[in-house]
Amino acid sequence: MESVSEAAIEARRLTKVFDGPGGEVRALDNVDLIIRKNEFFTLLGPSGCGKTTLLRLVAGFEQPSGGELLMDGEAIAERPPHRRPVNTVFQSYALFPHMTVAENVGFGLEMMGRPREEIGQRVERMLALVKLEGMGPRRPNQLSGGQQQRVALARALANQPKVLLLDEPLSALDFKLRKEMQIELKRLQSETGITFVFVTHDQEEALTMSDRIAVMSDGNVLQIGSPTEIYEHPTSRFVADFIGETNLLTGRLSERMASSLRFELDSGGLLEGQEDGGNETGARVTLAVRPERAEISREGSGLAARIEQIVYFGTDTHYHLRLDEQTPFVVRHQNRSGATSRFSQGEEVRVTISPDAIRVLQD
Ligand code: ATP
């Protein structure tokens, strides 16, 4: 068990049940989770998996149906939202349209009754932090979407919360701005040292920004880990499939050798692997292989496959193969400059997969 003193937020068997028109909805189902101080923590999962509900419980906008929620080791269920050291940034920036940018950023401090001079200085510092120096006198409608989201961030950071909750804050921005703001948010988090809890359904966003990710599905946390752990070592079919592209192969753990294992695939052929995923010899298994961890060649002893389609993406090329009628398989090759594909559609090829690239899923 992790040291609790490291925990900014701890959920213990946290449960939230809503009464909907169609009956009960278990939005969170016995969630155990530790979010450490000063980390960029992401809740990732498809729509409806319970991410926003978890944020709203931390913020105090909803009450748990069961379990415990602690901040800095203290139970917070009884504390109203304004007495929690937490601020939230929403997708819709929720700025006050009749106030200037500076008034928006200083609003929380004003409510706390801070002296005018201190507010002025803090607002200047916050605007510099989000790179909006000199924008203080403008009104929100005189700013771009990205700038408005920066104002919302400055406002949320101004009273130095211990935890900042971010509910899909970038999803209203266009692709390029979104990429810029991802880097910006990461910088803000490391400069301020505030714990960020970020909600997204975008796996790439989660991988590029987070210190750790919790992958959620149906009110449950399926796996928690660093981006590399989650990407390289998914433990379930859901996580393997949801995070990045993956090839799933079914078969049987057919043989144990001195330092490796052999899998017999339903699509035909044998694969050598290194981990058994806790399975006995003879057990049925599902294997996951990332498209960039497989190679294709014209000859050799790999799995037999046929190229169905070749898709060029500039930096890389995707080969859509079929091992048999039921088994598609994608191989991704990085393109060297000027290189054209050595293979053509319809060609019969061999696929080789390094034993350390094969993950055995526990689903
Ligand atoms: P999204 O990415 O779409 O925002 P999410 O992962 O944040 O999804 P939640 O908003 O936490 O998901 O919702 C989890 C489940 O709880 C969903 O099935 C949702 O319909 C249900 N739910 C959330 N709020 C309420 C409510 N106030 N009343 C009834 N059901 C609710």
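Between I76 and the choices L57, L69, V86, the side-chain contact (heavy atoms from CB on, under 4.5 Å) rule is met once, by L69. Considering L157, N38, N87, L188 as possible partners of I194, the one that fulfils the side-chain contact (heavy atoms from CB on, under 4.5 Å) test is L157.
Shown here is M111, whose CE atom has no more than 12 heavy atoms of other residues, nucleotides or ligands within 6.0 Å. Heavy atoms from other residues, nucleotides or ligands lying under 6.0 Å from CZ of R83 number 12 at most. Atom CD of E191 sits in a crowded spot, with more than 12 heavy atoms from other residues, nucleotides or ligands closer than 6.0 Å. Surrounding CD of E133 are more than 12 heavy atoms belonging to other residues, nucleotides or ligands, all under 6.0 Å away. Residue Q274 qualifies as enclosed at atom CD: its count of foreign heavy atoms under 6.0 Å is above 12.
Between R178 and D202 there is a salt bridge, with a side-chain nitrogen of the basic residue lying less than 4.0 Å from a carboxylate oxygen of the acidic one. Using a 4.0 Å cut-off between charged nitrogen and carboxylate oxygen, E347 and R342 do not count as a salt-bridge pair. The existence of a salt bridge linking R116 and E110 is confirmed by a sub-4.0 Å separation between a basic side-chain nitrogen and an acidic carboxylate oxygen. Remark: K179 does not engage D174 in a salt bridge, criterion side-chain N to carboxylate O under 4.0 Å. Between D72 and K37 there is a salt bridge, since at least one side-chain N of the basic residue sits less than 4.0 Å from a carboxylate O of the acidic one.
Hydrophobic cluster membership of I183, counting Ile, Leu, Val, Met, Phe, Trp and Tyr whose side-chain heavy atoms lie under 4.5 Å apart directly or via other members: none, as it forms a cluster of its own. The hydrophobic cluster of L270 has no other members, since no ILVMFWY side-chain heavy atom comes under 4.5 Å of it.
Among all heavy-atom pairs drawn from S254 and T281, the shortest one is O-CG2, 3.7 Å. Taking every heavy atom of both residues into account, V130 and A154 meet most closely at CG2-CB, 3.9 Å. What you find for Q91 and Q149 is that their closest heavy atoms are O-NE2, 3.8 Å.
A heavy-atom distance below 4.5 Å is not found between the side chains of E264 and R262. Residues I35 and V58 fail the side-chain proximity criterion, which asks for heavy atoms closer than 4.5 Å. At least one side-chain heavy atom of P291 sits less than 4.5 Å from a side-chain heavy atom of N247. Residues D218 and D29 form no side-chain contact, since every pair of their non-hydrogen atoms from C-beta on lies 4.5 Å or further apart. Residues Q189 and M209 have side chains not in contact (no heavy-atom distance under 4.5 Å, counting atoms from C-beta outward). Between D324 and D266, every side-chain heavy-atom pair lies at or beyond the 4.5 Å cut-off. Side-chain contact between P140 and N104: present, with at least one pair of heavy atoms (C-beta onward) separated by less than 4.5 Å. Between R56 and K16, every side-chain heavy-atom pair lies at or beyond the 4.5 Å cut-off.
The CD atom of Q148 sits 11.5 Å away from the CE atom of M135 when rounded to the nearest 0.5 Å. In this structure, CD in E205 is found 11.0 Å from CD1 in I213, a value given to the nearest 0.5 Å. If you take CG on L253 and CG on L261, they are separated by 5.5 Å, rounding to the nearest 0.5 Å. Atoms OG1 and CZ, from T317 and F343 in turn, are 11.0 Å apart once rounded to the nearest 0.5 Å. Taking CG from L303 and CG from L271, the interatomic distance works out to 4.5 Å, rounded to the nearest 0.5 Å. Note that the CZ atom of R12 and the CD atom of E10 stand 4.0 Å from one another [nearest 0.5 Å].
Seen from the ring of F107, R155 does not count as a face-on cation partner, given the 6.0 Å and 45° thresholds.
Applying the ring pair (Phe, Tyr, Trp, His ring centres under 6.0 Å) rule to pairs touching residues 240-290 yields F238-F242, sequence neighbours excluded. Residue pairs satisfying the ring pair (Phe, Tyr, Trp, His ring centres under 6.0 Å) criterion with at least one member in residues 147-189, sequence neighbours excluded, are absent.
Every residue two or more places apart in sequence or in another chain was checked for a ring-ring contact (aromatic ring centres under 6.0 Å, His included) with H201, and none qualifies. Under the side chain to side chain donor-acceptor pair (under 3.5 Å) criterion, S65 pairs with no residue at all, not counting sequence neighbours.
Ring pair H333/Y319 is perpendicular by interplanar angle, where above 60° counts as perpendicular and below 30° as parallel.
The closest donor-acceptor contact from the side chain of K162 to the backbone of A8 lies at 3.5 Å or more, if one exists at all. Checked by atom type and distance alone, the side chain of E275 pairs as donor or acceptor with a backbone atom of V360 at under 3.5 Å. A donor-acceptor contact shorter than 3.5 Å links the side chain of R359 to the backbone of E232. Within the 3.5 Å criterion, the main-chain N or O of R79 finds a donor-acceptor partner in the side chain of R84.
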Check step by step if salt bridge (Lys or Arg N to Asp or Glu O under 4.0 Å) holds for R256 and D276. CA-CA 9 Å; R256 279 170 202 276; D276 63 11; 3.0 Å; yes
Derivation and outcome, side-chain hydrogen bond (donor to acceptor under 3.5 Å, both in side chains), residues D356 and S354: CA-CA 6 Å; D356 69 352; S354 156; 2.5 Å; yes
